[in-house]
Amino acid sequence: MRSINRGRRRPRHLLCLGALLAALAVVGPGGGVASADCTSGGSGCLPGSGYTLDTVWNCGPLYPGFDCYANGTTIFGNAVTHTFGWGSASFPEVPVCIQLGPYAGACATNVARVCYQANCNDQNANSFRAEVHHRQTGIAWTISGHAKA
Amino acid sequence: MRTCRALPAFVASGMLALVVLGCGESSQPGATTGGSAAASGAVVRVAALDRPARGEHDAIPEEIANQEIMRGQLDLATAHLVRAGEGEPVWLARSADGRSVCVVAAGTLNCTYAQELADSGFAPALSWQLNEPVHVSGIASDAVDHVEVTLRNGAVERVEVMDNVLSLELFALPRAISWVGPDGRKKLDYSNLRRKTRLPASARAARR
């Protein structure tokens, strides 16, 4: 009886394992690595289907010196890590920065956008955190972050 | 005792300031619109944008204009090439809604409101990417002809603005950028930015 049950379960387990592996292949650490040329967001890339994460976040009022990570948290350990291909920070009239881990970043007044690579070809394999902050002394602003991986 | 009585009032006023200054704001990611100053119809003189466009010479190449970070953000017909030759090409263009001025290079887009630019005279922009030098750029109104860049080693370099754009490449992030605009001296501090990757020593030597 026990062996019969095992025999019935095994295929289901295998199916589940296969599904799990397939899901990991899509959304796992390598999921942001597009297989196609994503320089212009063409086939296989957003607005196609290459990116597996499109995230928008803020942490509410944020003082300078504090980072707001993708996921809407100021806590480094709670931030989502991914293979971000590009990121954006924005707020009217305030100098803002977007940082894609230690690898790429941009600072500007109002809108700062940057790709992980200069050609915006999202083929990166590094996982890291994306964060925004502002540099307006002494004032709290709600900075918006936007990134895709 | 006096301190204890004052504390609740201090906390309350701080919370009120947070509500006034930040809680109600919700700027759109990547948006180049919004903000009271932007809506006021600023007039800012940026000569490089006012000269007639030189057709293909000034056009942003498709491979850059079509990058996803640019899509829908720019009025491409207003693009002007403001730096060519050695180093990375840089363009100026108005935003799609006409309220901002943007500086464009491969893989990076930085925009500032016309009113902001009129008030401060200069809007610095930095970008850095994997295995690339740090691009220090910025948009200047006609009122600002140079800025001062404080390097990592503390040295201060005067950099001339050409065609309303500051453009230089460094192998490390600058410590600060300062300038004198219509509303006085301004300084933006970047000393706490971090960057992991650096150019190989040979590339750094070649760029000095």
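Chosen from B/Gly107, B/Ser127, B/Ala123, the residue pairing most often with chain A at heavy-atom distances under 4.5 Å is B/Gly107. Heavy-atom pairs under 4.5 Å with chain B peak, among A/Val132, A/Val114, A/Leu100, at A/Val114. Of the listed residues (A/Ala106, A/Gly87, A/Cys97, A/Ala108), the greatest number of heavy-atom pairs within a distance under 4.5 Å of chain B belongs to A/Ala106. Per-residue heavy-atom pair counts under 4.5 Å with chain A were compared for B/Leu109, B/Leu117, B/Leu188, and the maximum is reached by B/Leu109. Your options are B/Asp189, B/Asn110, B/Ile64, and the one with the most heavy-atom pairs under 4.5 Å with chain A is B/Asn110. Ranked by heavy-atom pairs shorter than 4.5 Å toward chain A, the options B/Val103, B/Thr108, B/Ile139, B/Leu173 are led by B/Thr108.
For B/Ile69, the parts lying under 4.5 angstrom from a heavy atom of chain A are both the backbone and the side chain. Contact annotation for A/Gln136: neither backbone nor side-chain heavy atoms come within less than 4.5 Å of a heavy atom of chain B.
In this structure, B/Leu193 and A/Gln99 approach most closely via the heavy-atom pair CD2-OE1, 3.3 Å. Contact record, A/Arg113 with B/Met70: NH1-N, 4.5 Å, taken as the closest heavy-atom pair. Between A/Tyr103 and B/Trp128, the shortest heavy-atom contact is O-CD1, 3.9 Å. Nearest heavy atom pair, residue B/Gln129 against residue A/Tyr116, reads CB-O, 3.7 Å.
For the residue pair B/Asn192/A/Arg135, the side-chain donor-acceptor check at 3.5 Å is satisfied.
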Could you please spell out the steps behind the side chain to side chain contact (heavy atoms under 4.5 Å, CB included) verdict for B/Glu68 and A/Lys148?
CA-CA 10 Å; B/Glu68 188 171 312; A/Lys148 290 183 180 180; 2.6 Å; yes
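Of residues 154-165 of chain B, not one residue has a non-hydrogen atom less than 4.5 Å from any non-hydrogen atom of chain A.
Distance check, rounded to the nearest 0.5 Å: NZ of B/Lys187 to OG1 of A/Thr137 gives 11.0 Å.
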